[in-house]
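Below you'll find the structure, written out as structure tokens, and then a few comments.
Counting starts at 1 for both ligands and their atoms, following the listed order. Predicted model, so just to flag it, every value in this text is computed and none were measured.
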Amino acid sequence: MLFDESLYLFALILSLLTFANAQLPGNWPPVDKPPPVNDAWTKLVDMTKVPNAPVIKTVGNCGANDNFCNWSCTNCVRTNTTDIIQCPDKADWGLSFDDGPTEFTPTLLDYLSSQNIKVTFFVIGSRVIENPETLKNEYEAGHQIGVHTWSHTALTTQTNEEIIAEIKWTELAIQQAIGVTPTIMRPPYGDVDDRVRAILTQLGYKVVIWDKDTNDWMSGEDKTFQISWVEGNFTEWVKEDDPTGHISLEHDLYKQTAAQAPLVVPIVQGAGFNIKPVYQCVGDASPYVESTNTGTTDTTTGATTGATTDTTTGAAPATSAAITDGTQYLESSSANVASPTTSAKSNAISHINNNNNLLLSSVLLILSYFMII
Ligand SMILES: *[C@@H]1O[C@H](CO)[C@@H](O)[C@H](O)[C@H]1NC(C)=O
Ligand SMILES: *[C@@H]1O[C@H](CO)[C@@H](O)[C@H](O)[C@H]1NC(C)=O
Ligand SMILES: *[C@@H]1O[C@H](CO)[C@@H](O)[C@H](O)[C@H]1NC(C)=O
Ligand SMILES: [Zn+2]
């Protein structure tokens, strides 16, 4: 084996560089914890239009009356205003993947691109700052990007200000990574009520839930969950005679869940469904705020960006120099500035892991490369 200490050192330095480059530049709040609130962002929402629903202290406690249309309690939806639950056309199927981007996403992207399929990714801000290149690859391949909060906390347990911070920090990270602003979001656990909806609407978001849940995330936490159930569920679902199409929920969070696409895509397509990103199946012209502009003005910052990109062609994004990193928002908040590498695990997160194995795996990968040659 041609393996000695200098090679080891070289490999270590190289992998440290790879690791450092993988981070989204700038100062960001600690990952996987509710991010700091910010007055400038809070002012974007007219609180007189936000219903005074209770901020829930303990998750899982449904009151006797559902006065605020709580989806996770009663499956109540507001499809006439904010909520998108399924693709309206019965021939359409919106595949969606949550909780990434992760180290398992690139393999999924390779498969989707080999089949020329576009899907929707609901991304976590904490994962975006860790894997910005992967987000860029999702975007450039023509997949739709939606917001899935910064810390994956159930939104009905958060104050109005905290909900706004969850959305805006994630939005800022996405803007920084790919230069555009999503128009859809998915609440973690589907936990949404009229208070949360009123905030999201004012921030410019539609709420995308789902009508077909694979529960695939359980495979990461419960050893009795059989991953083959995902395929089994799709096989059953495509046989149903429903008046509408569907939006299914999967996760690119775990290796085995990200690996289900090559099994389920043929089932969905074999039954005659057209797989589409959500914006296409609901007939929206554009998946982002920016690409609805023919001019070059970024409406969020009022700054001038480069050429507006038609994302459907998969062209490179217009990255705006005017989009700032998190520094200014951290400075005007009470939170301590922390490097994104600070991997703070929050109790609020259940089916979210973190990428603290990334460094180790980079080292091993590069070492094994040198051991082979
Ligand atoms: C909404 O439903 C979830 C899930 O059952 C529950 O944990 C939460 O407390 C409810 N929120 C409100 C505001 O009722
Ligand atoms: C949407 O539906 C709700 C409940 O049925 C109703 O109260 C509300 O007025 C409707 N909003 C619009 C804009 O149609
Ligand atoms: C569908 O998934 C559920 C778990 O979410 C499982 O209990 C059930 O057996 C699955 N159905 C099939 C046909 O595999
Ligand atoms: Zn999630």
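What you find for Trp93 and Cys87 is that their closest heavy atoms are C-SG, 4.2 Å. Leu135 and Ala177 get closest at one heavy-atom pair: CD2-CB, 3.8 Å.
Given atom 14 (O) of ligand 3, the protein heavy atom at minimum distance is Gly232 CA, 3.4 Å. Scanning the protein heavy atoms around atom 4 (C) of ligand 3, the nearest turns out to be Trp229 CE3, 3.8 Å. The protein atom (non-hydrogen) at minimum distance from atom 10 (C) of ligand 3 is Asn233 ND2, 2.5 Å. Among all non-hydrogen protein atoms, the one lying nearest atom 5 (O) of ligand 3 is Asn215 ND2, 3.4 Å.
Rounding to the nearest 0.5 angstrom, the gap separating the CE atom in Met218 from the CG atom in Asp222 is 7.0 Å.
Among the atoms of Asp99, an N, O or S atom falls under 2.8 Å from the Zn ion (ligand 4). Checking His152 against the Zn ion (ligand 4), an N/O/S atom falls under the 2.8 Å cut-off.
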Glu166/Ser151 under side chain to side chain donor-acceptor pair (under 3.5 Å): CA gap, chis, key distance, verdict: CA-CA 7 Å; Glu166 289 277 354; Ser151 74; 2.6 Å; yes
Verdict with supporting geometry, Asp99 and His148, side-chain contact (heavy atoms from CB on, under 4.5 Å): CA-CA 7 Å; Asp99 298 358; His148 195 44; 2.9 Å; yes
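Atom NE2 is the N/O/S atom of His148 found closest to the Zn ion (ligand 4).
Neither the backbone nor the side chain of Glu231 has any atom closer than 4.0 Å to an atom of ligand 3 (non-hydrogen atoms only).
Remark: ligand 3 atoms within the under-4.0 Å shell around heavy atoms of Glu236 are 13 (C).
Within the 3.5 Å criterion, the main-chain N or O of Val208 finds a donor-acceptor partner in the side chain of Arg186.
Put simply, the residue from Asp98, Asp32, Asp252 that forms a salt bridge (Lys or Arg N to Asp or Glu O under 4.0 Å) with Arg127 is Asp32.
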